[in-house]
Amino acid sequence: MTSLDLFLPFLVTTGLFAFLRGPAMLYVAARTVAANRRAGLMATLGIHLGGYVHVAAAAAGLSVLFQAVPAAYMAVKLAGAAYLVYLGIAMVRTPTRQPGDNGIPAPGVAMTSARRAFLQSMMVEVLNPKTAIFFLAFLPQFVDPAAAVPIALQFAVLGTIVNMMFSLADIVCVLLADAVLARLRTSGRAERLMQKVGGTVLVGLGVHVALGRA
C-alpha cells in the first residue's frame, strides 16, 4: 500500500480540500434549506454513493477519457449543469404546503422528499465530470508504483478515503445549515422563502458549472 511518507500528506491535503467551501457543500446546504435536515443528509448520501462511480472510473483508468475526448467532458458537464438548473427551478416552483396545513409534513411526504433528494443527488454527482478529473489529477500524487499492492487497488482505497472525508464535511455543512435555520421554520412564508433560496442556489450552481472553464 502507499507508504506512510505519502499517506500522511495525503490525509492532510484531503482534509484541507474537504473542508474548503465547494459546490457540494453549497448543494447539500441548499437541499437542507429548501426542505429539512433529512433531505440534506440523504442528498449527502446520494453524492457520496455517486462519488464511487468516479472512484471506480479512476481505478479503471476511464477518467482519462474526459481528458482525451474534450467533447465527452463537455457533454457530461452540460448535462449535469442542465439537471442542476432543472432541480432548482422545480424547487422554486413547488409549493411548500397547502392552506390549513400545520407545517409538519406527513411521514410519507417527508420520506418521499428524502428519497427524491437521494436519487437526484446521486445523479448530480454522477453527471459531474469535475469529480472524475479531480480524482485523476489528485490520486496519482499519492500512489506508490513500487508498492506490492496493485495501483488500481491503491486508487480505489485512496479514492474511498477521499470520498468519505468529503462526505463528512458535507454532513457538517448540513447540520450547521439546519441549526441556523431551525428557528426560521415557524411560518409558511419563511418556509417558502427558504425553498426559493435553496432552488436559486441550485440554479446558480448549474450556471456556474455550465460556464466554468474546467
Side-chain angles (χ1 to χ4, degrees), residues 14-54 80-98 101-128 130-131 134 162-210:
T14 301
L16 291 175
F17 273 121
F19 285 91
L20 288 175
R21 183 179 62 85
M25 296 177 75
L26 290 175
Y27 175 83
V28 297
R31 299 301 303 230
T32 305
V33 168
N36 51 44
R37 181 174 60 183
R38 181 182 180 86
L41 292 175
M42 291 301 289
T44 299
L45 179 60
I47 290 177
H48 180 78
L49 295 182
Y52 287 117
V53 173
H54 297 294
Y83 190 58
L84 275 173
V85 171
Y86 163 75
L87 292 180
I89 293 175
M91 191 176 292
V92 169
R93 297 182 62 182
T94 301
T96 52
R97 52 172 154 160
Q98 299 298 322
D101 288 348
N102 60 7
I104 302 176
V109 175
M111 184 67 70
T112 299
S113 176
R115 186 183 300 115
R116 185 183 300 115
F118 167 73
L119 294 174
Q120 291 174 344
S121 301
M122 183 184 295
M123 182 64 68
V124 165
E125 183 65 4
V126 170
L127 291 176
N128 183 7
K130 289 187 177 181
T131 303
F134 172 79
V162 169
N163 205 26
M164 293 180 68
M165 291 185 71
F166 273 58
S167 293
L168 175 61
D170 291 343
I171 290 173
V172 171
C173 187
V174 168
L175 297 179
L176 288 176
D178 183 68
V180 170
L181 296 166
R183 296 183 179 181
L184 298 179
R185 295 194 179 99
T186 57
S187 70
R189 180 175 298 179
E191 284 187 43
R192 182 62 178 159
L193 176 61
M194 288 187 289
Q195 186 168 315
K196 285 185 176 181
V197 169
T200 301
V201 170
L202 294 191
V203 172
L205 283 175
V207 173
H208 176 74
V209 169

Participant: Considering all heavy atoms of both residues, which atom of Val201 and which atom of Leu26 are nearest to each other, and what is their separation?
Facilitator: CG1-O, 4.0 Å

Participant: So, His54 side chain and Glu125 main chain: donor-acceptor pair closer than 3.5 Å or not?
Facilitator: yes

Participant: State, yes or no, whether a side-chain contact exists between Met165 and Phe19 at a heavy-atom distance under 4.5 Å.
Facilitator: no

Participant: If you compare all heavy atoms of Gly88 against all heavy atoms of Leu202, which two are closest, and at what distance to 0.1 Å?
Facilitator: CA-CB, 3.7 Å

Participant: Taking all heavy atoms of Ala117 and all of Ala39, pick out the closest pair and write down the distance.
Facilitator: CB-O, 3.6 Å

Participant: Do Leu84 and Tyr27 come within less than 4.5 Å of each other through their side chains, counting heavy atoms only?
Facilitator: yes

Participant: Nearest 0.5 Å, what's the OG1-CG distance between Thr32 and Leu41?
Facilitator: 7.0 Å

Participant: Which pair of non-hydrogen atoms, one from Thr44 and one from Ser167, has the smallest distance, and what is that distance?
Facilitator: CG2-O, 3.8 Å

Participant: Provide the closest heavy-atom pair for Val207 versus Val85 in the form atom of the first, atom of the second, distance.
Facilitator: N-CG2, 4.2 Å

Participant: For Thr14 and Phe166, run side chain to side chain contact (heavy atoms under 4.5 Å, CB included): C-alpha distance rounded to whole Å, both residues' side-chain angles, the deciding distance at 0.1 Å, then the answer.
Facilitator: CA-CA 8 Å; Thr14 301; Phe166 273 58; 4.2 Å; yes

Participant: When rounded to the nearest 0.5 angstrom, what is the spacing between CG in Leu168 and NE2 in His48?
Facilitator: 11.0 Å

Participant: With a 4.5 Å limit on heavy-atom distance, are the side chains of Leu87 and Arg31 in contact?
Facilitator: yes

Participant: If you round to the nearest 0.5 Å, how far is CZ of Arg38 from CG of Asp178?
Facilitator: 13.0 Å

Participant: Which atoms form the tightest heavy-atom contact between Ser113 and Ala35, and what is the distance?
Facilitator: OG-CB, 4.3 Å

Participant: Within the structure provided, determine whether Leu49 and Tyr52 are in side-chain contact (heavy-atom separation under 4.5 Å).
Facilitator: yes

Participant: Would you call Asn128 and Val124 a side-chain contact if the rule is heavy atoms closer than 4.5 Å?
Facilitator: no

